[in-house]
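Values in this document were obtained by computation on a predicted structure and should not be read as measured data. Only this structure's heavy atoms are used, side chains among them; waters, hydrogens and symmetry mates stay out.
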Amino acid sequence: MRIHWEILFGITLFLLLLCSCSHDKVTQPDPLVVDARIVIAGGQTFTGSQVVPLTIVAGVADIDSVQVFNVATSEKVDGKWFVMAGDSLVITAWDLGPGEGPKSVGARFAAQGYSVSEAVTDDIVLDLTPPDVPPVVVFPASEATNVPSAAALNWTPAQDSLCPADEISYAVYLGDSEQNEDLVWSGYGTGTLLGDLGRTTTWYWRLVATDAAGNSDAGVRGSFTTWDVDLPEFKLLPAGTFMMGSPPTEPHYYAEEELLHEVTLTRPFYMGSINVTLGQFIELVNSAIDQGLVTIDEGGVYDNLSGNHEKILEFSIGTVFDYQAGGYVGTHWSIARICEDVNWFGAAGLCDWLNLKAGFATVYDRDDDWRCNGGEVYGAVGFRLPTDAEWEYGCRAGSTTAFANGDITGTECWDPVLDEIGWYCGNYGDYPFLPAMKIPNAWGLYDMQGGLNDWCYDKYMPSIGGSVTDPVNDTDGLYRIIRGSNGSFPGSIYDCRSAAKSYRAPDSTDGYYSLRLVLGYGAFLDHSWETGFNNPGQP
């Protein structure tokens with residue numbers, strides 16, 4: 001048959017034009033955008049190379065298939081595409097390969113009508129390793145001795161290249177042997193109070209860090225031995241802001257000393273729940289005699305850590321302390337009584353004897369007017385006297401009334417509110433001089449209103465207005481502040497108010513002066529104590 005080339009050329013041209021027109025009408029798919037993520041199923045913990053169950057979540061509903069692979073090796077799971085069940089796929093067994101370290105997992109997604117080349121690849125890092133740098137316990141040091149029985153475990157933050165430090169949690173295990181450990185605390189932060197651990201006991205601890213992906217390290221271990229000194233229970237007081245002083249409407253308001261002003265304490269601290277007892281003071285002063293920290297004669301006890309040899313205790317008619325044969329200190333009262341007739345030097349000296357026994361340095365510089373930690377009182381490491389602000393903060397325990405448990409309802413020498421919480425002229429005849437015979441305040445602190453007077457660290461100065469942070473005065477003035485009964489004993493109801501204060505010369509022993517210990521926050525790392533901190537005494 002004869003072919004007409006003109007006709008064939010025309011048909012061909014027509015078909016080409018038709019195809020061209022049809023192609024122009026095909027709509028190309030938009031690039032596939034996937035908000036994908038890969039999660040570890042079941043909240044399991046993985047360290048190193050393991051068979052890892054994964055959940056791949058596409059984030060959109062129109063994905064129908066996914067291919068998962070190891071980015072480093074291009075190895076595909078079973079070498080195939082998986083059909084999605086809804087918007088997720090669970091791969092229950094896939095060994096990512098040997099070796100430790102984060103693994104980068106890739107996921108290619110496709111939908112109906114999309115070619116593989118047009119699918120998006122999302123690389124997701126799967127963390128299979130514990131923190132790169134484990135925490136280091138800084139207090140108490142491993143194998144430390146003479147650790148206070150009200151001990152805290154504190155550590156440096158762990159470091160993890162794939163996890164922020166504030167997302168690393170910790171677990172503390174404690175026991176009387178490495179084979180008998182119990183979980184005693186878990187949470188976030190860099191420290192926890194271990195509680196009252198008893199005297200002369202060796203404890204073994206293990207600290208485990210876990211990152212946000214659930215990877216735990218093997219834990220660091222250590223031990224410590226508590227000392228043989230009996231001390232009051234310590235309560236942890238949180239950092240906070242309070243109104244120090246009293247309003248002008250409060251009976252017996254004294255503007256020079258009680259001007260109402262805002263005070264912020266930026267660091268938590270431990271405060272003794274009761275005053276130091278005679279037995280505790282005698283035990284420590286006799287230990288100081290044995291160590292050569294003090295000397296003793298018929299007149300009293302003298303500090304040996306400075307050239308001035310300040311008298312720490314005075315033996316005279318009316319004092320509770322006795323000079324015993326052999327050069328030691330005793331008492332003609334019950335050792336269970338609250339310590340009294342102690343001057344300021346003796347109160348500060350006792351803090352330093354404790355510090356040396358606990359392995360801390362002394363905090364009071366005898367050659368600089370007994371300044372605490374060079375003036376940085378709130379950062380001092382170890383035992384010390386409370387600042388004036390700390391004492392009132394602890395006394396108020398969150399209250400704004402005249403007493404921690406309520407307002408004044410009586411006059412001069414009788415008030416039923418004060419009678420519940422403190423000793424004063426209205427109930428002095430029943431006062432046994434024993435601690436914790438009245439109810440505590442809301443933070444578990446006893447005998448802060450009325451009773452004996454507590455020495456504070458600060459030197460006396462008139463109140464100042466405005467807002468202040470971590471206030472202290474240790475440079476201006478000669479006299480040290482006393483708190484509790486406004487310097488008198490027994491005090492009136494007005495002397496026992498939370499805001500009431502007085503002052504005495506630091507060498508005074510002619511009154512009912514006692515002391516309450518603070519274990520400074522500087523003994524531990526700077527960190528935020530989380531809500532629900534595992535401490536029965538926490539406010």
Asker: For the backbone of Leu197 and the side chain of Trp203, can you confirm whether one donor and one acceptor N or O come within less than 3.5 Å of each other?
Answerer: yes
Asker: Tell me whether Tyr170 contacts the main-chain N or O of Ala158 through its side chain, where contact means a donor paired with an acceptor under 3.5 Å.
Answerer: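 Yes.
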Asker: Check Ile312 against Asp303 and note the closest heavy-atom contact, atom names and distance.
Answerer: CD1-CB, 3.7 Å
Asker: Side chain to side chain contact (heavy atoms under 4.5 Å, CB included) for Leu265 and Asp470? Distances and angles first, verdict last.
Answerer: CA-CA 5 Å; Leu265 299 177; Asp470 293 335; 4.0 Å; yes
Asker: Could you check whether any side-chain heavy atom of Leu313 comes within less than 4.5 Å of a side-chain heavy atom of Phe281, counting everything from C-beta outward?
Answerer: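 Heavy-atom side-chain distance check passes, below 4.5 Å.
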Asker: Would you mind reporting whether Leu174 and Asp182 have side-chain heavy atoms less than 4.5 Å apart?
Answerer: no
Asker: Would Tyr393 and Trp443 count as a close aromatic pair, with their ring centres under 6.0 Å?
Answerer: yes
Asker: Has the side chain of Arg480 got a donor or acceptor atom that lies under 3.5 Å from a matching backbone atom of Tyr457?
Answerer: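 Yes; judged by distance alone, with no hydrogens or angles, the pair exists.
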Asker: Any idea which heavy atoms bring Leu519 and Phe360 closest together, and the distance?
Answerer: CD1-CE1, 4.4 Å
Asker: Against Ser498, only a single residue in Gln449, Glu392, Arg483 fulfils side chain to side chain donor-acceptor pair (under 3.5 Å); can you say which?
Answerer: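 Option passing the side chain to side chain donor-acceptor pair (under 3.5 Å) with Ser498: Gln449.
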Asker: Could you please spell out the steps behind the side chain to side chain donor-acceptor pair (under 3.5 Å) verdict for Thr362 and Asn355?
Answerer: CA-CA 6 Å; Thr362 58; Asn355 287 327; over 6 Å; no
Asker: Do Trp370 and Glu310 get their side chains close enough for a donor-acceptor pair, meaning under 3.5 Å?
Answerer: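 A pair is found: one side chain offers a donor N or O, the other an acceptor, under 3.5 Å apart.
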Asker: Identify the heavy atoms of Asp458 and Pro471 that sit nearest to each other, and give their distance.
Answerer: OD2-O, 4.4 Å
Asker: As a quick check of understanding, evaluate side chain to side chain contact (heavy atoms under 4.5 Å, CB included) for Lys76 and Gln67, giving each step before the final call.
Answerer: CA-CA 7 Å; Lys76 304 175 184 64; Gln67 185 183 67; 3.3 Å; yes
Asker: Return the CZ to CG distance between Arg337 and Leu434, rounded to the nearest 0.5 Å.
Answerer: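 Answer for the CZ-CG pair, Arg337 versus Leu434, is 7.5 Å.
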Asker: Side-chain contact test, heavy atoms from C-beta onward, threshold under 4.5 Å: evaluate it for Phe345 versus Leu350 and give yes or no.
Answerer: no
Asker: Just how far is it from atom CG of Asp447 to atom CD1 of Ile439, taken to the nearest 0.5 Å?
Answerer: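 Between Asp447 CG and Ile439 CD1, I get 11.0 Å after rounding to 0.5 Å.
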Asker: Using a 3.5 Å distance criterion without hydrogens, assess whether the side chain of Ser514 forms a donor-acceptor pair with backbone atoms of Cys339.
Answerer: yes
Asker: Would you please test Lys501 and Asp388 for side chain to side chain contact (heavy atoms under 4.5 Å, CB included) and show each step?
Answerer: CA-CA 9 Å; Lys501 71 177 73 174; Asp388 185 36; 2.6 Å; yes
Asker: Looking only at heavy atoms, which two atoms of Ile274 and Ala436 are closest? And how far apart?
Answerer: CG2-CB, 4.2 Å
Asker: Going by heavy atoms in the side chains, are Glu262 and Met244 under 4.5 Å from each other?
Answerer: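 Sidechains of Met244 and Glu262: no contact.
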Asker: Side chains of Tyr188 and Ile168, heavy atoms from C-beta outward: is any pair under 4.5 Å?
Answerer: no
Asker: Would you find a donor on one side and an acceptor on the other, under 3.5 Å apart, between the side chain of Gln280 and the backbone of Val276?
Answerer: no
Asker: Might you point out which heavy atoms bring Glu420 and Asn405 nearest each other, and give the distance in Å?
Answerer: OE1-ND2, 3.3 Å
Asker: Does Glu376, at its CD atom, have more than 12 non-hydrogen atoms belonging to other residues, nucleotides or ligands within less than 6.0 Å?
Answerer: no
Asker: Is the shortest side-chain N to carboxylate O distance from Glu390 to Arg384 below 4.0 Å?
Answerer: yes
Asker: Strictly under 6.0 Å, is that where the ring centroids of Tyr204 and Phe224 end up?
Answerer: no
Asker: Under 4.5 Å between any side-chain heavy atoms of Pro435 and Ile338, yes or no?
Answerer: yes
Asker: Give, for atom OH of Tyr328 and atom OG of Ser287, the distance between the pair rounded to the nearest 0.5 Å.
Answerer: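 Spacing of OH (Tyr328) from OG (Ser287) equals 9.5 Å.
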Asker: Between CZ of Phe242 and NE2 of His261, what distance do you get to the nearest 0.5 Å?
Answerer: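 So the gap between those two atoms works out to 7.0 Å.
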Asker: Would you say Pro232 and Asn275 make side-chain contact, with heavy atoms under 4.5 Å?
Answerer: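 No, their side chains stay 4.5 Å or more apart.
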Asker: Taking everything shown except Ile289 itself, do over 12 heavy atoms lie less than 6.0 Å from its CD1?
Answerer: yes
Asker: Examine distances only and state if a side-chain atom of Trp455 and a backbone atom of Val342 form a donor-acceptor pair shorter than 3.5 Å.
Answerer: yes
Asker: For Asn441 and Leu445, indicate whether the former's side chain and the latter's backbone hold a donor-acceptor pair under 3.5 Å.
Answerer: yes
Asker: Given 3.5 Å as the limit, does a donor-acceptor pair link the side chain of Thr264 with the main chain of Thr266, or not?
Answerer: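 The answer is no, because no donor-acceptor pair under 3.5 Å joins these two groups.
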Asker: Output the distance between atom CD1 (Ile296) and atom CD (Gln324), rounded to the nearest 0.5 Å.
Answerer: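 One finds 8.5 Å between CD1 of Ile296 and CD of Gln324.
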Asker: Between Tyr513 and Asp454, is there a side-chain heavy-atom distance shorter than 4.5 Å?
Answerer: no
Asker: At their closest point, which heavy atom of Cys351 faces which heavy atom of Leu517, and how far apart are they?
Answerer: SG-CD2, 3.7 Å
Asker: Please determine whether a side-chain nitrogen of the Lys or Arg among Asp365 and Arg371 lies less than 4.0 Å from a carboxylate oxygen of the Asp or Glu.
Answerer: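 No, Asp365 and Arg371 are not salt-bridged.
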Asker: Keeping the roles fixed (side chain from Ser216, backbone from Thr210), state whether a donor-acceptor pair exists under 3.5 Å.
Answerer: no
Asker: Run Arg396 and Thr401 through side chain to side chain contact (heavy atoms under 4.5 Å, CB included) and show every step you take.
Answerer: CA-CA 8 Å; Arg396 289 191 174 279; Thr401 48; 5.9 Å; no
Asker: Is the distance between the ring centroids of Trp185 and Trp155 under 6.0 Å?
Answerer: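 Close enough - the centres of the two rings lie under 6.0 Å apart.
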Asker: Looking at CZ of Arg206 and CG of Leu153, how far apart are the two atoms once the value is rounded to the nearest 0.5 Å?
Answerer: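 The CG atom of Leu153 is 12.5 Å from CZ of Arg206, to the nearest 0.5 Å.
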Asker: Check this for me: does any side-chain nitrogen of one of Asp352 and Arg366 sit under 4.0 Å from a carboxylate oxygen of the other?
Answerer: yes
Asker: Using a 3.5 Å distance criterion without hydrogens, assess whether the side chain of Thr226 forms a donor-acceptor pair with backbone atoms of Thr201.
Answerer: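 The answer is yes, because a donor-acceptor pair under 3.5 Å joins these two groups.
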